[in-house]
*Asks:* 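Got a structure for you, written out below as structure tokens; questions coming shortly.
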Amino acid sequence: MVVTRVLLLRDLEMNRAVLIQSQTIMAKGQSSEQVLSQIINRVAQASEREPDLRDLLKQYHIHIKDRTLPLTAPAAKGGY
């Protein structure tokens, strides 16, 4: 009975550690998504004001369809 309890406690601690790691990864991912969204908004705004930037984005087949979504570019065209 004591051995079973020790094994269960050890398993519980390992599961807690995995949960904490998962939560940390999720928080970082959400933060990165917010930063990327801000960058997309700034690039979109700047491309509306700056013809050279707009032309450069077109040259590399980069289109901003929705400012809340990542930049899209045809995979076959490359350019990165």
*Asks:* Keeping the roles fixed (side chain from Ser32, backbone from Lys28), state whether a donor-acceptor pair exists under 3.5 Å.
*Replies:* yes
*Asks:* Please name all residues satisfying side chain to side chain contact (heavy atoms under 4.5 Å, CB included) with Leu53, sequence neighbours left out, ordered by chain then number.
*Replies:* Ala46, Ser47, Glu50, Leu57
*Asks:* Quick check on Arg42: does its CZ atom have over 12 non-hydrogen neighbours (other residues, nucleotides or ligands) under 6.0 Å away?
*Replies:* no
*Asks:* Is the shortest heavy-atom distance from the side chain of Gln45 to the side chain of Arg49 under 4.5 Å?
*Replies:* yes
*Asks:* Measure the OG1-CG distance between Thr4 and Leu9 for me, rounded to the nearest 0.5 Å.
*Replies:* 11.0 Å
*Asks:* Just verifying a value: how many Å separate Thr24 OG1 and Leu19 CG, rounded to the nearest 0.5 Å?
*Replies:* 9.0 Å
*Asks:* Grab the two heavy atoms, one from Arg54 and one from Glu48, that are nearest each other, plus how far apart they are.
*Replies:* NH1-O, 3.5 Å
*Asks:* Let me confirm one number: the CG-CG distance from Leu36 to Asn41, rounded to the nearest 0.5 Å.
*Replies:* 9.5 Å
*Asks:* Mind checking what makes salt bridge (charged side-chain N to carboxylate O under 4.0 Å, His left out) contact with Arg16, not counting sequence neighbours?
*Replies:* Glu13
*Asks:* Can you check whether Glu33's main-chain N or O pairs, donor with acceptor, with Ser37's side chain at less than 3.5 Å?
*Replies:* no
*Asks:* Suppose clustering is done on Ile, Leu, Val, Met, Phe, Trp and Tyr with side-chain heavy atoms closer than 4.5 Å. Which residues sit in the same group as Leu8?
*Replies:* none
*Asks:* Is Val43 linked to Val35 within one hydrophobic cluster, defined over Ile, Leu, Val, Met, Phe, Trp and Tyr using a side-chain heavy-atom separation of less than 4.5 Å?
*Replies:* yes
